[in-house]
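First comes the structure, then the notes that go with it.
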Amino acid sequence: MIHDIVLIHGDGIGREVIASTVEIIEATGVKINWDVSEMGEDAIISCNNPLPEELIKKIKDKKIAIKGPTTTPIGEGFSSVNVAIRKKLDLYANIRPIKSFEGVKALYEDIDLVIVRENTEGLYSGIEHMVGDDAAEAIKIITRKASERICRHAFELARFQNRKKVTLVHKANIMKLTDGLFLRCGREIAKEYTDINFEDVIIDAMCMKLVQNPQTFDVIVAPNLYGDILSDLAAGLIGGLGFAPGANIGDEIAVFEPVHGTAPDIKGKNIANPTSAILSGVMMLRYIGENDSANRIENALKRTLKDNSCKTCDLGGNLTTKEYTELIIKNLV
Ligand code: NAI
């Protein structure tokens with residue numbers, strides 16, 4: 001079978017890590033027609049729009065895309081195209097697995113959890129305005145529909161992956177209406193899944209618990225902003241942003257992308273760690289049913305990382321992105 005997949009390199013290190021991912025996926029022999037498309041800075045240059053309508057149409061048509069990170073100007077300029085693409089395609093579940101790899105020196109080497117982040121509302125609704133010159137307001141939106149579907153997604157994922165516990169993160173002691181609704185929805189959905197344990201933890205306490213005892217967590221479900229922050233925190237526990245893959249899932253469409261950003265400080269130097277992008281590719285292969293190729297890549301990664309001389313710069317090694325990619329391909333069996 002030949003799969004039709006939209007491929008977006010993105011900005012900064014996106015080009016490097018996505019090229020590595022494509023090379024490795026192709027080395028497994030899986031057949032994919034890549035529809036190479038532009039989003040972010042490339043799309044601004046070619047059509048003066050970082051998220052062309054044509055791209056949205058293509059993804060709706062092909063249903064699957066893989067993308068590199070794209071730049072969002074800080075404190076000014078255009079709004080995030082990442083937030084926009086998730087909303088336009090209703091990719092409501094952002095799945096971010098955090099798993100230790102043997103051979104990767106990190107704060108912890110025995111973590112295996114998944115963060116399920118609500119991807120379409122919360123404080124990312126993008127509704128902000130100035131109140132006079134010296135005050136600004138942002139609107140946080142929490143709806144029953146989005147809260148129920150993300151909590152249900154977390155429980156279904158727990159069941160599918162044979163996981164034992166879902167932890168819902170909130171700040172309902174202070175945001176009694178918004179986070180209060182999210183928590184109430186989670187508690188109601190939990191009653192349908194008596195085979196899975198459920199707990200809720202306030203976000204500030206959660207940060208401490210995640211740093212001190214990350215092994216006690218299994219599936220974490222959170223509103224948009226908390227999920228975003230927790231996933232970078234959790235990536236820091238297993239070796240950094242080079243090891244955090246992600247998937248944006250809707251009812252019919254899925255867009256896979258690493259958790260990290262464009263890393264402008266190392267752009268174009270051929271030193272980025274492509275593992276997050278490669279693992280996002282592995283998630284994509286599983287999603288399209290190419291489990292054999294997915295397993296082969298994951299095993300090749302494990303073999304490569306076990307060897308102490310096979311490390312990229314972020315792990316204190318001296319392999320370039322290209323050399324690391326070639327080693328993984330060599331380790332494919
Ligand atoms: P970042 O994730 O790009 O970088 C943070 C730090 O981690 C930097 O020191 C960087 O060198 C390092 N890093 C990140 N990925 C790495 C990798 N694969 N290998 C080795 N080191 C890596 O976050 P930052 O600097 O806050 O954001 C830069 C830009 O990326 C911004 O425009 C931001 O909006 C955008 N961004 C885009 C995302 C997306 O497209 N999904 C997600 C996060 C940020």
Side-chain angles (χ1 to χ4, degrees), residues 7-21 24 37-44 50-51 55 65-89 91 94-96 98 101 104-106 115 117 119-120 124 126 224-225 227-249 254-281 283 301 305 310-325 328:
L7 177 72
I8 302 156
H9 286 102
D11 305 326
I13 59 168
R15 193 158 288 282
E16 296 152 72
V17 297
I18 293 296
S20 159
T21 304
I24 292 168
S37 305
E38 289 174 346
M39 172 177 163
E41 287 166 352
D42 288 347
I44 294 178
L51 185 57
L55 173 64
I66 185 163
K67 69 173 276 292
T70 48
T71 305
T72 309
I74 296 174
E76 56 180 17
F78 60 86
S79 341
S80 166
V81 284
N82 295 309
V83 172
I85 197 175
R86 292 164 190 164
K87 275 199 206 157
K88 278 183 182 235
L89 297 170
L91 304 170
N94 191 190
I95 311 300
R96 298 180 156 187
I98 299 287
F101 275 94
V104 175
K105 285 209 169 48
I115 295 174
R117 163 188 173 193
N119 222 11
T120 58
Y124 284 63
N224 212 333
L225 180 63
D228 195 13
I229 295 170
L230 286 181
S231 46
D232 272 37
L233 185 156
L237 303 175
I238 56 157
L241 283 167
F243 290 92
N248 302 285
I249 310 276
V255 176
F256 297 82
E257 64 175 338
V259 167
H260 63 72
T262 57
D265 49 337
I266 56 169
K267 167 191 168 184
K269 293 185 177 164
N270 189 22
I271 58 169
N273 182 348
T275 309
S276 309
I278 297 165
L279 288 170
S280 306
M283 290 174 84
L301 253 173
L305 287 165
C310 301
K311 301 281 190 291
T312 41
C313 299
D314 53 321
L315 295 180
N318 53 14
L319 285 185
T320 63
T321 312
K322 286 207 169 94
E323 288 165 340
Y324 180 72
T325 306
I328 295 168

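Note: hydrogens, waters and symmetry copies are ignored here, and every other heavy atom, side chains too, is used. Indexing begins at 1, ligand by ligand and atom by atom, following the structure's order.
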I need the contact type for [X] against ligand 1. Using non-hydrogen atoms and a strict under-4.0 Å cut-off, is it side chain, backbone, both or neither?
X      : answer
Ile266 : side chain
Thr262 : both
Pro73  : neither

Can you tell me if [X] contacts ligand 1 (heavy atom of the residue under 4.0 Å from the ligand)?
X      : value
Val259 : yes
Leu241 : yes
Ser276 : no

**Message:** Quick check for you: to the nearest 0.5 Å, what is the distance between Asn82 atom CG and Leu91 atom CG?
**Reply:**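 Those atoms lie 11.0 Å apart.
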**Request:** Quick one: pull up SG in Cys310 and CG in Leu301 and give me the separation to the nearest 0.5 Å.
**Result:** 11.0 Å
Which residue owns the protein heavy atom closest to [atom], what's the atom, and how far is it?
atom                    : value
atom 18 (N) of ligand 1 : Asn273 O, 2.8 Å
atom 13 (N) of ligand 1 : Ala263 CB, 4.1 Å
atom 16 (C) of ligand 1 : Ile13 CD1, 3.9 Å
atom 41 (N) of ligand 1 : Glu257 OE1, 3.2 Å
atom 44 (C) of ligand 1 : Gly261 CA, 3.3 Å
atom 39 (C) of ligand 1 : Asn82 ND2, 3.2 Å
atom 14 (C) of ligand 1 : His260 CB, 3.8 Å
atom 35 (C) of ligand 1 : Thr70 O, 3.6 Å

**Request:** Using a distance threshold of 4.0 Å (strictly less than), state whether atom 24 (P) of ligand 1 has a protein heavy-atom neighbour.
**Result:** no
**Asked** Counting only non-hydrogen atoms of the protein, does one fall under 4.0 Å from atom 21 (N) of ligand 1?
**Response**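 Neighbour list for atom 21 (N) of ligand 1 includes protein heavy atoms (cut-off 4.0 Å).
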**Residues Tyr324 and Ser20: side-chain donor-acceptor under 3.5 angstrom** =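 Their side chains do not contain a donor-acceptor pair, so the 3.5 Å distance test is not met.
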**Check: Thr72 N/O within less than 3.5 Å of ligand 1 N/O** =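 Such a contact does occur with ligand 1.
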**Prompt:** Would you say ligand 1 has an N or O under 3.5 Å from any N or O of Pro258?
**Reply:**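 The answer is no, given that Pro258 and ligand 1 share no N or O pair closer than 3.5 Å.
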As an exercise, identify every atom of ligand 1 less than 4.0 angstrom from a heavy atom of [X].
X      : result
Lys67  : 40 (O)
Pro264 : 28 (C)
Pro69  : 39 (C), 40 (O)

**Asp265, CG: over 12 other non-hydrogen atoms inside 6.0 angstrom** = yes
**Request:** Determine the sole option in Asp11, Ile44, Thr70 for which the side chain to side chain contact (heavy atoms under 4.5 Å, CB included) test with Val81 is passed.
**Result:** Thr70
**Request:** Could you point out which residue of Leu241, Ile98, Asn94 forms a side chain to side chain contact (heavy atoms under 4.5 Å, CB included) with Val259?
**Result:**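 When Leu241, Ile98, Asn94 are each tested with Val259, the side chain to side chain contact (heavy atoms under 4.5 Å, CB included) holds only for Leu241.
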**Message:** Just so I know, are the side chains of Thr21 and Phe256 near enough to count as touching, which here means a heavy-atom distance under 4.5 Å?
**Reply:** no
**Prompt:** Shortest non-hydrogen contact from Leu51 to Ala84?
**Reply:**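 For Leu51 and Ala84, the tightest heavy-atom pair comes out as CD2-CB, 3.6 Å.
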**Asked** Which heavy atom of Asn119 sits nearest a heavy atom of Asn224, and at what distance?
**Response**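 The answer is C-ND2, 3.6 Å.
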I'd like to know if the side chain of [X] reaches the main chain of [Y], judged simply by a donor and an acceptor atom lying under 3.5 Å from each other, with no hydrogens or angles considered.
X      : Y      : result
Ser276 : Gly242 : yes
Thr321 : Ala272 : yes
Glu16  : Asn270 : yes
Lys87  : Tyr124 : yes

**Item:** Among Thr312, Leu315, Asp265, closest by any non-hydrogen atom to atom 11 (O) of ligand 1
**Value:** Asp265
